[in-house]
Number of protein chains: 6
Amino acid sequence: MVPSSRDDGPSVVVVSAHAADFVWRAGGAIARCAEDGAPVTVLCLTYGERGESAALWRSPDATLESVKTIRAEESAAAAQTLGADIMFFDAGDYPLRATDDLVDGIVAQLRRLQPTVLLTHAERDPYNLDHALTHEIVLRCRMIAQAAGLPDRNTPPLGASQVMAFEPHQPEQCGFVPNRFLDISPVIERKRAAMKCMDAAQGHLIDYYEDLAVRRGVQAVRNGAPRTVTHAEAFQMVFPTVGSTLW
Amino acid sequence: MVPSSRDDGPSVVVVSAHAADFVWRAGGAIARCAEDGAPVTVLCLTYGERGESAALWRSPDATLESVKTIRAEESAAAAQTLGADIMFFDAGDYPLRATDDLVDGIVAQLRRLQPTVLLTHAERDPYNLDHALTHEIVLRCRMIAQAAGLPDRNTPPLGASQVMAFEPHQPEQCGFVPNRFLDISPVIERKRAAMKCMDAAQGHLIDYYEDLAVRRGVQAVRNGAPRTVTHAEAFQMVFPTVGSTLW
Amino acid sequence: MVPSSRDDGPSVVVVSAHAADFVWRAGGAIARCAEDGAPVTVLCLTYGERGESAALWRSPDATLESVKTIRAEESAAAAQTLGADIMFFDAGDYPLRATDDLVDGIVAQLRRLQPTVLLTHAERDPYNLDHALTHEIVLRCRMIAQAAGLPDRNTPPLGASQVMAFEPHQPEQCGFVPNRFLDISPVIERKRAAMKCMDAAQGHLIDYYEDLAVRRGVQAVRNGAPRTVTHAEAFQMVFPTVGSTLW
Amino acid sequence: MVPSSRDDGPSVVVVSAHAADFVWRAGGAIARCAEDGAPVTVLCLTYGERGESAALWRSPDATLESVKTIRAEESAAAAQTLGADIMFFDAGDYPLRATDDLVDGIVAQLRRLQPTVLLTHAERDPYNLDHALTHEIVLRCRMIAQAAGLPDRNTPPLGASQVMAFEPHQPEQCGFVPNRFLDISPVIERKRAAMKCMDAAQGHLIDYYEDLAVRRGVQAVRNGAPRTVTHAEAFQMVFPTVGSTLW
Amino acid sequence: MVPSSRDDGPSVVVVSAHAADFVWRAGGAIARCAEDGAPVTVLCLTYGERGESAALWRSPDATLESVKTIRAEESAAAAQTLGADIMFFDAGDYPLRATDDLVDGIVAQLRRLQPTVLLTHAERDPYNLDHALTHEIVLRCRMIAQAAGLPDRNTPPLGASQVMAFEPHQPEQCGFVPNRFLDISPVIERKRAAMKCMDAAQGHLIDYYEDLAVRRGVQAVRNGAPRTVTHAEAFQMVFPTVGSTLW
Amino acid sequence: MVPSSRDDGPSVVVVSAHAADFVWRAGGAIARCAEDGAPVTVLCLTYGERGESAALWRSPDATLESVKTIRAEESAAAAQTLGADIMFFDAGDYPLRATDDLVDGIVAQLRRLQPTVLLTHAERDPYNLDHALTHEIVLRCRMIAQAAGLPDRNTPPLGASQVMAFEPHQPEQCGFVPNRFLDISPVIERKRAAMKCMDAAQGHLIDYYEDLAVRRGVQAVRNGAPRTVTHAEAFQMVFPTVGSTLW
């Protein structure tokens with residue numbers, strides 16, 4: 001039973017704290033949805049310009065603007081490769097702040113896009129509070145977007161979008177317990193291509209996340225997927241699902 | 001993505017500690033599955049003869065055998081009403097014991113029936129340790145049934161059946177957190193009829209569980225079900241689901 | 001052992017995120033305390049004007065002010081029916097913000113009223129972050145009100161008020177585990193009357209919360225209440241209780 | 001609202017895994033209840049003869065019987081000092097086993113004594129599985145004793161006795177979170193006297209538990225007890241309480 | 001394996017919400033580290049002037065400035081006694097606020113001091129939200145200090161400092177579960193001397209924390225420390241440790 | 001501070017439910033300890049003959065005895081490769097049972113070997129109850145082995161051995177949260193060689209566990225290990241550590 005927030009089929013919004021997060025952690029899901037015809041939009045809250053661009057800062061000429069520009073180009077290319085739209089909020093990282101402007105901007109997009117599913121970071125990440133705050137921002141914006149009495153009367157209230165957390169770097173330390181494995185075998189090439197769009201200095205991460213997809217694929221099979229599933233991504237749904245069958 | 005343990009479609013096994021548990025807690029799911037063509041078999045571990053037949057024991061002529069007989073008849077009638085097969089293990093209640101005979105008997109049925117989904121009690125119930133033990137027995141039997149080296153070489157190993165806990169009487173005290181609401185609106189009449197098969201003295205429970213289904217129905221709508229959903233049952237899946245879509 | 005923060009008997013402060021929350025979730029407790037002679041004051045942080053007044057916004061003439069006015073009247077009538085005082089802070093909902101003004105205002109009331117018990121929302125509510133923030137605000141204000149060095153030297157520091165969370169709409173999803181059932185059978189008529197003060201479009205909620213009170217009443221009996229208890233409300237105490245007996 | 005399982009006022013049963021546990025961990029509660037006129041019976045499952053009698057085993061002449069005899073005398077003296085009856089089950093320690101005989105014996109006592117409150121060990125203790133098993137045995141026996149269909153028709157079913165865990169040696173490692181502090185200031189002398197009945201070699205524990213009582217007393221005051229409370233014991237109630245007031 | 005963030009050996013930064021917290025809760029650890037040659041710096045976020053100076057406010061002449069002055073002198077003396085440097089941020093207590101200035105100031109110190117270990121409050125404290133916020137501030141500042149792209153290019157990014165929570169006043173209510181006991185027997189005299197520097201009116205706390213150190217010492221022995229350990233402090237490490245041995 | 005249960009340095013006992021578990025999950029730790037001169041003994045409770053030898057059962061000639069023989073040879077070879085002693089208890093798998101014989105046998109070894117550290121399965125594993133039971137058996141046997149009054153007076157009581165859980169196949173579903181990463185880079189070749197001793201049909205697992213070691217190595221570096229750490233194993237310590245430093 002797909003929550004029926006759009007008459008014209010499901011759609012997805014991905015809220016990514018930093019420019020590259022959505023690629024490593026949910027690139028397969030994005031590609032899979034896009035291939036299935038579900039529109040995907042990435043809301044990129046920051047460029048990860050201060051905290052997640054160490055390689056770029058090794059250049060003596062690096063400035064905040066130059067770093068942002070490079071990260072934006074990489075992310076845009078990756079999003080295009082995955083088949084998704086992307087919007088940048090340039091809210092500033094390390095630390096991200098939940099300003100009124102940021103919240104209002106996200107709410108406006110949620111009302112416009114009416115996503116069936118919101119993909120974002122896990123609730124907790126002691127290594128990276130930008131990630132945890134992004135989770136909270138998503139829940140807050142979802143709630144606001146559902147309100148009947150917003151000043152903007154031209155967009156309808158958001159429905160009961162599911163929120164799914166994608167996998168943090170150290171899942172156990174973040175209290176991340178997957179309850180949904182998505183088969184990304186058919187789109188693994190596309191995810192690889194998107195990962196290759198990212199900063200050359202993060203190249204080692206491509207192997208790391210390829211290995212992770214294999215690992216999650218093995219676990220998917222252990223949980224009932226057919227043996228043809230070779231790669232998977234793990235997600236934790238925040239809200240109960242509803243359905244007309246048990247499976 | 002339905003776990004493919006049977007070539008001929010999904011099936012369900014319900015493991016019920018006492019004779020009436022499956023009716024109150026999962027009657028809607030059983031009826032729904034049965035109507036959808038998925039075979040459902042109830043494994044009734046005890047008749048609830050000592051602990052859940054207070055009304056029958058008010059009769060001065062009651063004996064253990066007479067109570068068991070009545071409870072068996074009621075349960076069989078309820079199962080038939082719901083469209084399910086039922087088997088009684090007569091393992092003795094208050095307390096239930098996980099004897100080798102009981103475990104072997106359940107394992108044999110799991111190998112024979114190859115269920116897609118196992119419905120049973122929640123992991124924890126401080127009010128009723130028979131319920132918690134039944135959950136543990138189900139996990140244990142699932143594991144044994146998956147073994148390649150059982151003496152019985154005529155049945156194939158069980159696949160990765162999902163285990164879903166149905167709702168305990170006091171869910172919060174049992175750590176029960178639903179992650180799946182099943183729409184039982186189309187079969188609520190059938191569930192009512194099954195509830196009416198139970199001991200007359202438990203008649204007040206019919207209203208109680210009808211109200212609960214309405215309550216869970218309201219919550220299902222809050223989580224994205226269409227407003228046509230008026231009644232639901234709540235379940236907690238033990239294992240992650242696998243799929244080829246996010247929804 | 002009633003915490004002795006007031007020489008003249010116990011008193012209660014209810015902190016409600018939105019205009020109607022205190023009625024549905026704690027109306028019985030308020031009425032019961034009031035009938036027992038304990039003064040009850042409701043601090044209503046917002047009117048729920050944006051997020052919890054959908055029916056009113058269906059009118060084409062609705063404005064933020066008109067919605068607030070109607071909600072204020074309803075809440076005031078409900079509070080009066082329950083026997084409580086009510087104060088409105090008009091802090092703005094969806095999202096609520098923990099401004100200095102709001103915090104200072106609540107602290108001033110806590111110092112003035114010296115409540116034995118603070119009733120408020122549960123710590124966690126992924127559906128409604130205004131509720132979770134209200135819980136945090138209550139703990140924060142309780143702490144501040146206990147400080148010896150506040151600028152206001154005319155009111156004494158607050159004592160060790162108990163904080164009790166009332167029941168959220170989807171308790172399991174909010175980590176709500178009741179540890180206190182309050183018998184509201186003697187005041188159920190008064191709670192019904194207060195619920196009827198609320199927006200006509202929320203009329204269906206009256207049945208919903210009446211059913212919930214019956215459900216909690218059944219559970220209260222299961223936990224040792226006499227069978228005369230027909231309706232109850234559930235609460236989760238945040239702090240340990242102290243006593244001179246075990247019961 | 002005292003659960004009304006006895007017409008003639010509340011009573012207490014303490015289930016102690018080893019001979020001395022009830023003294024260190026609940027001696028104040030026992031004395032307090034006894035002084036208030038509530039009958040207290042200690043069910044001592046083992047003498048702690050193998051695992052908690054290290055000092056006695058230093059004697060070269062020690063035998064299992066001699067150790068048991070000494071521990072029984074000490075415990076009987078301590079119980080008498082506290083004002084409680086005591087029964088020994090001699091079930092064997094390190095490890096304790098939940099035999100049918102033991103369970104049946106406890107059930108018979110619960111039916112006979114109809115306790116309002118059951119005091120016992122915490123649910124979890126990775127250092128001492130006898131303690132955790134005792135908690136489970138208590139929940140199991142409580143359930144069985146509530147059954148209408150037991151062979152023994154001469155005793156009535158047990159009501160909804162509260163179960164309260166007393167404090168383990170390393171509370172945080174055992175997941176013990178106190179939700180009830182009992183003022184034992186009026187009976188601290190009696191608890192001291194009972195502790196002195198125990199094996200001389202455990203004398204250092206007297207200071208340890210005296211200090212603990214002071215510590216819990218300070219915390220009781222922090223949670224609202226009057227400053228006259230100097231000593232307390234901490235308990236964790238397993239089931240919700242029911243009441244006709246919030247306090 | 002000591003995390004190698006400094007070539008010249010380990011160092012410690014203590015982040016204390018109020019002026020006295022670091023003395024009671026981590027004075028032994030500070031003295032022990034200092035005696036072992038590891039530089040320790042205390043970052044004192046507030047003087048505890050409003051909320052934790054009740055004795056000083058009893059004086060009719062007390063002003064915010066006079067209270068701050070006294071608390072600063074006491075804390076400075078205690079830090080000196082323990083062998084630590086101390087810095088005051090005067091950020092204002094009850095409530096503490098995570099202003100940009102405060103965060104930037106702490107980040108600058110972390111970059112300058114490159115601590116191996118950060119000692120601070122536990123993640124949760126329902127009695128005192130300043131404590132919980134300090135924990136969050138420490139995690140946030142740690143993350144920011146690790147960023148390559150901060151405006152300050154003169155200090156290197158912080159490494160993977162361990163964060164260790166010291167013991168809250170009511171540990172179980174704060175979810176505090178110690179996973180490290182530090183032997184402070186060799187420095188207990190120094191901790192006593194530091195405690196004596198604090199406000200005379202808090203003198204009773206000296207006994208309280210001395211008793212606590214004995215209690216934690218007993219537990220350390222239970223967890224494998226030699227019997228010569230008489231006093232200990234308890235800590236909860238936030239991050240996994242790394243090592244080249246299992247012990 | 002190494003717990004001083006042996007005068008002659010630390011030693012390790014590994015308790016493995018099935019014949020291969022200790023290789024995949026703790027092979028690096030075993031090799032590392034052995035190379036460092038700490039004696040390691042593997043207690044292999046079963047051969048995994050029924051449940052974890054699927055490849056062998058594909059042979060039409062397979063019998064329980066033939067499967068056990070092969071598994072024993074593989075495990076013995078792997079243990080030898082890692083530098084450990086191994087003992088087989090042949091207790092029967094799927095399901096494992098905690099018989100008195102098994103418990104007594106393990107207790108005797110713990111008394112004889114006096115391990116500093118016990119390595120075993122995690123507390124919880126809903127996929128494999130043999131694993132969870134093994135954890136419980138280890139805690140139970142540790143407790144019994146500490147008793148002063150065992151019939152065997154020739155071996156001294158066990159000290160406060162640390163218990164460390166090694167990594168389950170699906171860590172998040174088992175509540176496994178690593179708090180110790182062990183650098184196994186120097187012994188990865190030896191672990192590979194041991195893995196190759198296992199059943200050819202499990203060859204795919206060699207890559208899987210090699211990848212896992214890389215993944216845990218990356219995480220170890222994130223938690224402060226030097227960049228020379230390329231492979232690691234993850235463990236969860238059950239008891240607090242004790243020490244004379246913070247690191």
Side-chain angles (χ1 to χ4, degrees), chain A residues 1-5 9-12 26 28-30 32-33 35-36 38 40 115-119 146 159-162 164 177-187 216-217 219-229 232-247, chain B residues 1-5 9-12 26 28-30 32-33 35-36 38 40 115-119 146 159-162 164 177-187 216-217 219-229 232-247:
Chain A
M1 187 182 290
V2 179
S4 56
S5 45
S11 65
V12 177
I30 294 169
R32 189 91 211 245
C33 291
E35 291 205 352
D36 288 351
V40 181
T116 314
V117 170
L118 279 157
L119 286 178
Q146 292 174 332
S161 310
Q162 177 62 275
M164 299 177 80
V177 181
N179 52 20
R180 179 73 170 172
F181 289 115
L182 178 71
D183 173 18
I184 63 164
S185 315
V187 295
R216 293 304 189 187
Q219 295 179 349
V221 172
R222 292 257 179 148
N223 285 287
R227 291 188 177 279
T228 51
V229 173
E233 283 176 349
F235 298 93
Q236 182 169 9
M237 290 181 287
V238 170
F239 299 107
T241 58
V242 295
S244 52
T245 70
L246 283 180
W247 34 82
Chain B
M1 187 182 289
V2 179
S4 56
S5 46
S11 66
V12 176
I30 294 169
R32 189 91 211 243
C33 292
E35 292 206 351
D36 288 351
V40 182
T116 314
V117 169
L118 279 157
L119 286 180
Q146 291 173 333
S161 309
Q162 178 61 273
M164 299 177 80
V177 181
N179 53 18
R180 180 74 169 173
F181 289 115
L182 178 72
D183 173 18
I184 62 164
S185 315
V187 294
R216 292 304 189 186
Q219 294 179 350
V221 172
R222 292 258 179 149
N223 285 285
R227 292 189 176 279
T228 51
V229 173
E233 282 176 349
F235 298 93
Q236 182 170 9
M237 291 181 287
V238 170
F239 299 107
T241 58
V242 295
S244 51
T245 68
L246 284 180
W247 34 84

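Reminder, nothing fancy here: chain letters follow the sequence lines and each chain counts from 1.
- In the model, B:R216 has a side-chain atom that pairs as donor or acceptor with a side-chain atom of B:Q219 under 3.5 Å.
- With a 4.5 Å cut-off on non-hydrogen atoms, B:I184 does not touch chain A at all.
- Scored by the side-chain contact (heavy atoms from CB on, under 4.5 Å) test, B:Q236 finds B:A165, B:F176, B:V177, B:N179 as partners (sequence neighbours excluded).
- No part of A:A234 comes within reach of chain B, as not one of its non-hydrogen atoms sits under 4.5 angstrom from that chain.
- By the side-chain contact (heavy atoms from CB on, under 4.5 Å) test, A:A220 pairs with A:F181, A:A225, A:V229, A:A232, B:V242, sequence neighbours left out.
- Ranked by heavy-atom pairs under 4.5 Å with chain B, the list A:V221, A:L119, A:L246 is led by A:L246.
- Within the model, atoms CE of B:M164 and CH2 of A:W247 stand 9.0 Å from one another, a figure rounded to the nearest 0.5 Å.
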